Amino acid sequence: MHQNSTKAARLAQAILLALSTTAAQAAPSVDAPERVDTSALATSPEVARLIVTLAGKSDVTALHIELERVGSFVNRRLIPLRQLATGGWLIEARDSAKSDQTRPLARDEAELAMYELARNPALAAVEPDRLLTRTLTPNDERYPSQWAYFRSRYGTNAAGAWHYSTGAGIKIAVIDTGITPHSDLDANVLGGYDFITNSTVARDGDGRDPDPNDEGDWYDIGDCSNDPGGSENSSWHGSHVAGIAAAATNNSFNGTAGMAYDAKIVPVRVLGRCGGSLSDVAEAIVWASGGSVAGIPANPNPAQVINLSLGGQGSCSTTMQNAINTAVGNGAVVVVAAGNASANVAGFTPARCNNVVAVAATTTSGALASYSNYGDKIDVSAPGEITSTVNTGTETQVAEGYASYSGTSMAAPQVAGLAAMIRAKGTFTPLQVENLIKYNGTAALDCAFDSVKSCGWGLIDALHTLRAVGQGFNGDVAASPSPASFFKPTFFENANNYHLPSGSMTASPNTVWGQYGTNAPSSMTVKFTLITRNISVVDPKKYKIELIAPDGSVVKVLHDNAASFVTTQTVNASSEIADGLWKLRVTNSGPSSNLYIDKWSLGFPGWFTP
């Protein structure tokens, strides 16, 4: 026998020396549910190890027998590996026939095993040995301005949802003005198509072609019959929408973050000078979903989600409804911007069509945006202002850039991104995806479902939605777990390096999520590490280090002209809302330009502190 196996066998024998109450003698415990922690099962498809804590001075004599008994329920051998420094025993699930081969428990098996173990009153607690990971705060330069992602109140809660899904493997068709080359988009863009039949509108001289490049949608006075007295610069609208849905994220301090940043964009060009035709848009919808369009090659990248940040006045025509029905029949979720006319969406297409997810826009305070359409055809809402990818040219392309736009066009791709995040977690029908988004949102302030100016089921909540998916909810019924039923994470770290040039002030952001409106604790641990490069002596009196709350207030000066760097402190932050973007701000008044914020973290009291 291998030496390690011998030690394990001896350990198993040693465990038999203490449990005073055997499994045969143990009566079911009336408080077993209180001693079982199943919260981590929401995010764990399988569990390889459990942690069992014994009650008081209970003997461990019968633990091995108890493990054998419970193992028979789930067809596993439950093997004690070691006693932890915390007092609990680490238990591993192994194949019943091969004792040296780990065989994880499925979620339902783990729950059964945990509750069965907890029937023994000699066991104080049973929990999974969960995997804890660092929460993501993207290092994209403009992420701190994308407030909707990291605010649980009036935002989308995307930062917390990224812990569960980033949309990997899902394709989002952006049917819009096309797309421009951009370093924050290129890695996530697949081949699309230009569906504009009119070469004057398309500006590329040839009508439909396999190149969805945005040639610019600018127009002069008198060019457009739908705006005879006006002129507009190119909007680069499709690139802005694409960036919201799936811009590359955490990519070395470049640009912005995307909602479903591991999804792929399929750009489909239908809008050019003065807009686009219903016929082109309808056929683009069919093609994007994998349907057949005469004279056009089959789409090699059929989309599971389609975003339509476009529309016009009028009822939903037969042509448009048929296109949408085809797309949904092909399995695509069709997300549509409600429109920006501050009117009832019933008079606008395609937002008023059936089988779509119609999206209204809200403000930073959770109210219906003044420009947003509304009404009982609205399904959900999302924040209407966000920074994303564009080109800097006023007419033709000049250089990549970024801009903040407002509109339901900006709200819709956040919902499309959430749809992609859901679809990345399993097989769901378009209706199930729609219902999951609706049933797990939060109420907006002034646009309740039954109000005249309805914004549907309310603001999307990406975190709540993804956690509900993890709990097995599929949208078939209008019920979901309350956010209060989920565990609250307690450790948040940003390990990206932030440079501190001489005579500068630099802030490293850190996203706290999943607290749902509760205040930060009175004993919050702040840890930080500053490093130097090519500096032999650093004068700590030249640096000021501050903790900044999400509302911008200085919670505490952690270090100010002290004799040395203090890297760990306990801070009373109980007057501050916990969720949001916290910052470690450092002022460098010294001559050195080779100082960096290496990493820093916030720790809340509880299980999940490191």
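Just so we're clear, the structure is a prediction, and the values are computed from it rather than from any experiment. Just the heavy atoms: all of them, side chains too, but no hydrogens, waters or symmetry mates, feed the values below.
Judged by distance alone, the side chain of Arg151 and the main-chain N or O of Thr364 form a donor-acceptor pair under 3.5 Å. The backbone N or O of Ile577 sits nowhere less than 3.5 Å from a side-chain atom of Gln515 that would complete a donor-acceptor pair. Ser309 places no side-chain N or O within 3.5 Å of a backbone atom of Ala337 that could act as its donor or acceptor partner. Between the side chain of Trp457 and the backbone N or O of Ala443, no donor-acceptor pair lies under 3.5 Å. Between the side chain of Asn373 and the backbone N or O of Ala341 there is at least one donor-acceptor pair closer than 3.5 Å. Thr326 contributes a side-chain N or O that, together with a main-chain N or O of Asn322, makes up a donor-acceptor pair within less than 3.5 Å. One N or O on the side chain of Asn572 and one on the backbone of Ser574 form a donor-acceptor pair closer than 3.5 Å. Under a 3.5 Å cut-off, the side chain of Gln471 and the backbone N or O of Leu466 do not form any donor-acceptor pair. Looking at Thr511, its side chain never comes within 3.5 Å of a backbone N or O of Pro509 through a donor-acceptor pair. Looking only at distances, a side-chain donor or acceptor of Gln414 sits under 3.5 Å from a matching main-chain atom of Pro383.
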| request: Begin from the C-alpha positions of Ile244 and Met410 and carry the test side chain to side chain contact (heavy atoms under 4.5 Å, CB included) through to its verdict. | output: CA-CA 7 Å; Ile244 297 168; Met410 287 60 254; 3.9 Å; yes
| field | Ile285 and Met320: CA distance, side-chain angles, deciding distance, side chain to side chain contact (heavy atoms under 4.5 Å, CB included) verdict | value | CA-CA 9 Å; Ile285 292 170; Met320 180 61 75; 3.7 Å; yes
| said: Assess the residue pair Trp162 and Met421 against the criterion (side chain to side chain contact (heavy atoms under 4.5 Å, CB included)); give the C-alpha distance rounded to whole Å, side-chain angles, the decisive distance to 0.1 Å, and a yes or no. | reply: CA-CA 9 Å; Trp162 291 333; Met421 295 163 79; 3.8 Å; yes
| task | Determine, step by step, whether Tyr374 and Val345 satisfy the side chain to side chain contact (heavy atoms under 4.5 Å, CB included) criterion, reporting the C-alpha distance in whole Å, the side-chain angles of both residues, the deciding distance to 0.1 Å, and the verdict. | result | CA-CA 5 Å; Tyr374 51 80; Val345 73; over 6 Å; no
| query | Does the ring pair (Phe, Tyr, Trp, His ring centres under 6.0 Å) test come out yes or no for Trp147 and Tyr154, once each step is laid out? | reply | CA-CA 9 Å; Trp147 62 271; Tyr154 313 139; 8.5 Å; no
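Using a 3.5 Å distance cut-off with no hydrogens or angles, the side chains of Asn510 and Glu493 do not pair a donor with an acceptor. No hydrogens or angles considered: nothing links the side chains of Thr319 and Ser317 as a donor-acceptor pair under 3.5 Å. Under 3.5 Å, the side chains of Ser553 and Glu576 contain a donor-acceptor pair of N or O atoms. For the residue pair Asp461 / Asn440, no side-chain donor-acceptor distance below 3.5 Å is found, with atom types taken as modelled. If you check the side chains of Asn340 and Thr408, you find a donor sitting under 3.5 Å from an acceptor.
Looking only at side-chain heavy atoms (C-beta outward), Lys438 and Asn435 come within less than 4.5 Å of each other. Contact check for Ser289 versus Val328: no side-chain heavy atoms found under the 4.5 Å cut-off. Within the 4.5 Å cutoff, side-chain heavy atoms of Lys377 are placed close to those of Asn354. Looking only at side-chain heavy atoms (C-beta outward), Leu584 and Tyr498 stay at 4.5 Å or farther from each other. A heavy-atom distance below 4.5 Å is not found between the side chains of Ser508 and Asn496. Counting heavy atoms from C-beta outward, Val335 and Ile306 have side chains that stay 4.5 Å or more apart. Annotation: side chain of Ser165 is not in contact with side chain of Ile422 (no heavy-atom distance under 4.5 Å). A 4.5 Å side-chain heavy-atom check between Glu434 and Val333 finds every atom pair outside the cut-off.
Within a 6.0 Å sphere centred on CG of Asp376, other residues, nucleotides and ligands contribute 12 heavy atoms or fewer. Around the NZ atom of Lys264, the shell of radius 6.0 Å holds more than 12 heavy atoms that belong to other residues, nucleotides or ligands. Within 6.0 Å of atom NZ in Lys583, 12 or fewer heavy atoms from other residues, nucleotides or ligands are found, so the atom counts as exposed in its surroundings.
His240 and Tyr405 have parallel rings, their planes meeting at less than 30° on a 0 to 90° scale where 60° marks the start of perpendicular. Below 30°, between 30° and 60°, or above 60°: for Tyr149 and Tyr143 the angle between ring planes is below 30°, a parallel geometry. A perpendicular orientation is assigned to the rings of His464 and Phe486, their planes being inclined by more than 60° (bins at 30° and 60°).
Every residue two or more places apart in sequence or in another chain that forms a salt bridge (Lys or Arg N to Asp or Glu O under 4.0 Å) with Asp280 is listed here: Arg208.
The minimum heavy-atom distance between Ala332 and Ala303, with the atom names listed, is CB-O, 3.6 Å.
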Using a 3.5 Å cut-off and no angle test, enumerate the donor-acceptor pairs between side-chain atoms of residues 172-183 and protein atoms at least two apart in sequence or in another chain.
residue, atom, partner, partner atom, Å
Asp176, OD1, His237, ND1, 2.7
Asp176, OD1, Gly238, N, 3.3
Asp176, OD2, His237, ND1, 3.0
Thr177, OG1, Asp214, OD2, 2.8
Thr177, OG1, Gly238, N, 2.8
Thr180, OG1, Ser239, OG, 3.0
His182, ND1, Asp184, N, 3.1
His182, NE2, Gly401, O, 2.9
Ser183, OG, Asn254, ND2, 3.0
Ser183, OG, Glu400, OE1, 3.2
Ser183, OG, Glu400, OE2, 2.7

